[in-house]
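The structure that follows is given in the form of structure tokens.
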Amino acid sequence: QVQLVESGGGLVQAGGSLRLSCAASGRTFSRSTMGWFRQAPGKEREFVAAMEGIRVTTDYADSVKGRFTISRDNAKNAVYLQMNSLKPEDTAVYYCAARNAPWLGTSPDRYDYWGQGTQVTVSS
């Protein structure tokens with residue numbers, strides 16, 4: 001059974017930083033794309049960042065470019081999201097996701113596995 005477990009969320013002031021972690025179990029994702037999405041209250045789930053497993057190519061939403069960095073440790077079957085210069089509008093539940101395919105994707109329906117989410121709250 002595949003599981004993705006996020007950690008690292010919390011409350012931070014605007015301008016601060018957080019690092020999210022996602023540990024995968026049940027299968028290896030070293031050759032698959034893993035990514036992060038977020039969902040704020042009353043809004044649809046939106047793409048944040050993704051990284052391919054083989055070519056380690058990355059993609060970011062325009063709203064987080066230059067502030068967030070995705071990385072992964074294939075030996076640990078884990079993916080991370082370093083979030084700097086956080087803004088109140090970054091407040092959301094952040095979800096780790098993985099797909100069976102090796103290439104990038106920005107649509108939630110392209111992803112096959114999801115974590116339970118971790119809350120990130122940025123105060124002004």
Side-chain angles (χ1 to χ4, degrees):
Q1 181 181 357
V2 174
Q3 280 192 314
L4 303 178
V5 180
E6 303 98 334
S7 60
L11 173 63
V12 64
Q13 288 188 331
S17 299
L18 282 174
R19 185 176 187 248
L20 305 183
S21 300
C22 172
S25 61
R27 61 157 282 184
T28 300
F29 289 100
S30 60
R31 294 180 175 271
S32 303
T33 289
M34 298 186 76
W36 292 92
F37 289 76
R38 66 187 182 187
Q39 188 166 18
K43 295 188 176 182
E44 293 187 350
R45 191 168 297 190
E46 65 174 4
F47 171 76
V48 175
M51 176 180 273
E52 291 182 345
I54 300 176
R55 298 187 298 166
V56 295
T57 305
T58 58
D59 192 13
Y60 294 91
D62 288 342
S63 59
V64 306
K65 281 181 181 176
R67 300 188 299 122
F68 291 10
T69 303
I70 188 171
S71 61
R72 58 193 294 170
D73 184 337
N74 287 336
K76 295 183 178 180
N77 216 22
V79 65
Y80 309 96
L81 186 68
Q82 177 67 43
M83 305 185 295
N84 299 328
S85 302
L86 282 161
K87 305 175 181 180
E89 50 265 42
D90 294 318
T91 295
V93 176
Y94 283 70
Y95 296 91
C96 173
R99 60 184 308 201
N100 290 318
W103 44 86
L104 295 172
T106 61
S107 174
D109 60 11
R110 298 285 186 177
Y111 287 76
D112 304 289
Y113 308 98
W114 292 87
Q116 82 289 348
T118 185
Q119 177 70 47
V120 171
T121 303
V122 184
S123 62
S124 57

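Quick caveat, the model's predicted, so the values are computed rather than measured. Here, residue 1 is the first one in the sequence, and each next residue gets the next number.
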Thr121 side chain reached by Val12 side chain, heavy atoms, under 4.5 Å:
no

Lys NZ or Arg CZ of Arg45 over Phe37 ring: under 6.0 Å, within 45°
no

Would you say that Phe68 contacts Asp90 through its side chain, given a criterion of any heavy-atom pair below 4.5 Å between the two side chains?
yes

Applying the 4.5 Å side-chain criterion to the ILVMFWY set and letting contacts propagate, would Trp114 and Val93 be lumped into a single cluster?
yes

Is the cationic atom of Arg110 (NZ for Lys, CZ for Arg) positioned less than 6.0 Å from the six-membered ring centroid of Trp103 and within 45 degrees of its normal?
no

Any chance the side chains of Tyr94 and Arg38 put a donor and an acceptor closer than 3.5 Å?
yes

If we only count heavy atoms from C-beta on, is the Met51 to Met34 side-chain gap below 4.5 Å?
no

Test item: Ile70 and Trp36 side chains (from C-beta on) under 4.5 Å apart, heavy atoms:
yes

Within the side chain of Gln119, is there an N or O that forms a donor-acceptor pair under 3.5 Å with the backbone of Gly10?
no

If two hydrophobic side chains count as joined below 4.5 Å and joins carry through other members, does Phe47 share a cluster with Val120?
no

Using side-chain heavy atoms (C-beta onward) and a distance below 4.5 Å, is Arg31 in contact with Pro102?
no

Using distance alone, with no hydrogens and no angle criterion, decide if Ser32 and Arg27 have a side-chain donor and acceptor under 3.5 Å apart.
yes

What do the steps show when you test Lys65 against Asp62 for salt bridge (charged side-chain N to carboxylate O under 4.0 Å, His left out), and what is the final call?
CA-CA 5 Å; Lys65 281 181 181 176; Asp62 288 342; 3.2 Å; yes

Distance alone, cut at 3.5 Å: any donor-acceptor contact between the side chains of Asp73 and Tyr80?
no

Please tell me if the side chains of Leu20 and Met83 come closer than 4.5 Å, counting only heavy atoms from C-beta onward.
yes

Side chains of Ser17 and Gln82, heavy atoms from C-beta outward: is any pair under 4.5 Å?
yes

Could you state whether Leu4 and Val48 fall into the same hydrophobic cluster, counting links through intermediate Ile, Leu, Val, Met, Phe, Trp or Tyr residues with side-chain heavy atoms under 4.5 angstrom apart?
yes

Do Thr28 and Asn77 have side chains that get closer than 4.5 Å, going by heavy atoms?
yes

